[in-house]
Structures are given as C-alpha cells and as structure tokens.
Amino acid sequence: MRWFLTQEASGEAGFEDLLAYAQVKLPARAKLECARNFWDEMGHGKQGAMHSQMLDNMVNELGLQPAVATTVWESLALANTMVGLATTRRYAYHALGALGVIELTAPARVKQVAAGMRRLGLSGHSRAYFDLHAALDISHARAWIREVISPLVEAKPACAQALAEGALMRLRCGERCFERYFQDLRCDKQAGHAPAVGLALC
C-alpha cells in the first residue's frame, strides 16, 4: 500500500493548478463551474482543507518519499499528459475532457483506496484525501457534465471530438498505470518482497 500510495502521490499533477490553466478564456458558464470546483479544491480558503494539503498530510504521516527516480514511468506519463494538455492552449478542450473524466472516475477508485487503507488500520487523517473525494467528486462529475461539457458542445459542436479525445487520453494513461501497478504488485507478491521501482520482477 505504501508503494502504491507513493506512486499515486508522484503522479498527482495538482487538480487545482490544472483547473487554473484550463479555465482561461472559457465562456462564463463553464468558467463559473471551474471556479466552484477550484474553490472546493482550495478548501474554501482554509489551508488545512486544501485538497493538495490533505494529500501532503497523507504523504507526511505515512513517511512516503515520492520522487521521479522511484516512480514508474506510467505514473509520470499520466502527470505529464495532464500538465501538457492544460498548459498548451491548442489543447484546451482536450484538457477539459481529461479533467472531466477524472471527476467521473475518481469516486469509485478512491473509495476502494480508502477502504484498503481502513483495513490496514491507517488513520482517518491519512485517509481524509481519499474519503473526501469518494463523496465530493460525485457532485463534481455531475456538475462538470451539466455546466462545462454540455454547454460547450451545444455552443460549438466541433469541440466534442477534442473533449472526447482528452477524456480517452486520460483514461488510457490511467489504464496503463493500473496495469503496471498490478504487474509489479503481483510479481512482487509472488517473489515475496516489496515492489521494485522501474521494472517488474517476474
């Protein structure tokens, strides 16, 4: 679990920062939803409630040491893809599609992570980031479709392809990560020791 959480922390590109880049010059309705989402990510102005701060708290409490040198390339590729889409203007719609699919897929995924942490006896403080997103991202996903995706496609149908491509890119990056995690964790369980970094052991 510590290895998995380290990989997840290393591959976290910072949703609030990605939002800040992606919302530039959006139509008002979509921009307002980005702003509401951003405010949630920022803990409504309270540092201890910032989502990035909650993730840092988990890393610190568990003594994890995320670093590029000890992160599988699939996790780095996921983060780099998200940053590349959000910071490159011609991929603005791709970024919005990718951000939307994070909100759509996060609740079920983080619920399982939180359940695993709970089974291992990890504290509620260390689980807080995952527990929060298991609930909050359900409403975020609905609002993203209603206030960002649908209005953009209605106003400019041609953008639908880029939105879909961005969503698929993020889904594929996530799929590769979990394929790699599964491979390394399965092989290391068979070998009887902790996961290697950078290569599978079987």
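Every value quoted in this text rests on a predicted model; they were computed, and no experiment measured them.
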When you compare the side chain of [Y] with that of [X], does any pair of heavy atoms fall below 4.5 Å?
| X | Y | result |
| --- | --- | --- |
| L64 | M58 | yes |
| K25 | R89 | yes |
| T71 | P66 | no |
| R2 | L62 | yes |
| W3 | L185 | yes |
| I102 | M82 | yes |
| L122 | R118 | no |
| V113 | L5 | yes |

Where do [X] and [Y] come nearest, in terms of heavy atoms and distance?
| X | Y | result |
| --- | --- | --- |
| S123 | S126 | O-OG, 2.8 Å |
| L152 | C159 | O-SG, 3.6 Å |
| C34 | Q23 | CB-CB, 3.8 Å |
| Y91 | G84 | CD1-O, 4.4 Å |
| W144 | L96 | NE1-O, 3.2 Å |

Indicate yes or no for a side-chain donor-acceptor contact from [X] to the backbone of [Y] under 3.5 Å, with no hydrogens or angles considered.
| X | Y | result |
| --- | --- | --- |
| S75 | V72 | no |
| K111 | A134 | no |
| Q7 | T70 | yes |

> Considering residues at least two apart in sequence or located in another chain, which fulfil the side-chain contact (heavy atoms from CB on, under 4.5 Å) criterion with A141?
Replying inline: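 So A141 forms a side-chain contact (heavy atoms from CB on, under 4.5 Å) with E103, L104.
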>> For the CG atom of L85 and the SG atom of C173, what is their distance to the nearest 0.5 Å?
In response: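 That separation rounds to 8.5 Å.
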> Rounded to the nearest 0.5 Å, how far apart are CE of M50 and CG of L55?
Replying inline: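 The distance works out to 11.0 Å.
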> Counting only heavy atoms not in Y21, do more than 12 sit closer than 6.0 Å to its OH atom?
Replying inline: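 At most 12 heavy atoms, drawn from other residues, nucleotides or ligands, come within 6.0 Å of this atom.
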>> A quick test of your reading: do over 12 heavy atoms of other residues, nucleotides or ligands sit less than 6.0 Å from CD of E179?
In response: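 For E179, atom CD is crowded (more than 12 foreign heavy atoms under 6.0 Å).
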> Got a salt bridge between R172 and E175, using NZ or NE/NH1/NH2 to carboxylate O under 4.0 Å?
Replying inline: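 A salt bridge is present here (some side-chain N lies under 4.0 Å from a carboxylate O).
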> Are the charged groups of E8 and R109 less than 4.0 angstrom apart, N to O?
Replying inline: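 Looking at E8 and R109, the cut-off is met.
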Check the side chains of [Y] and [X] for a donor-acceptor pair under 3.5 angstrom, ignoring hydrogens and angles.
| X | Y | result |
| --- | --- | --- |
| N37 | E33 | no |
| E165 | Q161 | yes |
| H133 | H140 | no |

